[in-house]
Amino acid sequence: MFPDKQKFIVFSLLCIGFLSYSGFLYSHLPVSNPVFSVSQSTGKSLWQKHNCTACHQIYGLGGYLGPDLTNEYSLRGPTLIHIFLQTGNTTMPNYHLSESEIQELTDYLKCVDQTGKSDPRKFTINANGTINQ
Ligand code: HEC
């Protein structure tokens, strides 16, 4: 139906479009990559060791018994995080963490908070597929 030359031109244009659009999207990622300090990476290890993800989400990924903690640091503050980790409550286990472990987990949540906003209810979709919050 179409000559091979035309098929080749259409295929080439699609490839160029795909590569250009991918290059544009990946060079304008809305979320910055976190750089962990020693304290924050220890906090991340504690997060994994105690399997906080079983009940909590980061960017909506994780268990749903507890709240999403992506922006916990800026929304509720380090004091609330400290108190929760010191005492737990009826649904949140008390891990009997030391003061330094609590500080490291708080530092980790601070770092996660700085990577972006997780609340999916308040965003607008841009024409290029990225979002603004
Ligand atoms: C067994 C499930 C479970 C695990 C595991 C768990 N949590 Fe929780 N967590 C909860 C629940 C449920 C709440 C909400 C409690 C409430 O509001 O009464 C909560 C609340 C919190 C809060 C306060 C959030 C808020 O805004 O109310 C923080 C901070 C927190 N958890 C941190 C952690 C960290 C850090 C870990 C890992 C060391 C962890 N949690 C492990 C269930 C869990």
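All heavy atoms count here, side chains included; hydrogens, waters and symmetry mates do not. Just so you know, residue 1 is the first one in the sequence shown, and it goes up from there. Counting convention: from 1, in listed order, for ligands and their atoms alike.
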Legend entry - From the candidates Leu75, Ile81, Thr91, Leu105, the one that places a heavy atom nearest atom 42 (C) of ligand 1: Thr91
Legend entry - Ile125 atom CD1: more than 12 heavy-atom contacts under 6.0 Å: no
Legend entry - Separation of Lys49 NZ from Tyr95 OH (nearest 0.5 Å): 11.0 Å
Legend entry - Asn89 side chain to Asn94 backbone, donor-acceptor under 3.5 Å: no
Legend entry - Separation between SG of Cys52 and CG of Leu85, rounded to the nearest 0.5 Å: 7.5 Å
Inset, instruction - Anything protein N, O or S sitting under 2.8 Å from atom 8 (Fe) of ligand 1: count it and give me the total. - result: 2
Legend entry - ligand 1 contact on Asn89 by region, counting heavy-atom pairs under 4.0 Å: side chain
Legend entry - Proximal ligand 1 atoms for Leu65, defined as those under 4.0 Å from one of its heavy atoms: 2 (C), 12 (C)
Inset, instruction - May I ask you to identify, for Leu85, whether its side chain, its backbone, both or neither come under 4.0 Å of ligand 1 on a heavy-atom basis? - result: side chain
Legend entry - Nearest protein heavy atom with distance in Å, relative to atom 24 (C) of ligand 1: Glu72 OE2, 3.2 Å
Legend entry - Contact (N/O only, under 3.5 Å) between Tyr95 and ligand 1: no
Legend entry - Backbone or side-chain N or O of Arg76 under 3.5 Å from ligand 1 N or O: yes
Legend entry - Phe18 CZ: over 12 foreign heavy atoms closer than 6.0 Å: no
Inset, instruction - Give a yes or no answer on whether the side chain of Asp68 reaches the backbone of His56 with a donor-acceptor pair at less than 3.5 Å. - result: no
Inset, instruction - For His50, counting its heavy atoms only, list the atoms of ligand 1 lying under 4.0 Å from any of them. - result: 38 (C)
Inset, instruction - Can you establish whether the number of heavy atoms outside Tyr21 located under 6.0 Å from its atom OH is more than 12? - result: yes
Inset, instruction - Please check if the side chain of Thr106 supplies one atom and the backbone of Ile102 the other of a donor-acceptor pair under 3.5 Å. - result: yes
Inset, instruction - Taking the side chain as every heavy atom from C-beta outward, state whether Leu97 and Leu105 have any atom pair closer than 4.5 Å. - result: yes
Legend entry - Donor-acceptor pair, side chain of Ser45 and main chain of Ser41, under 3.5 angstrom: yes
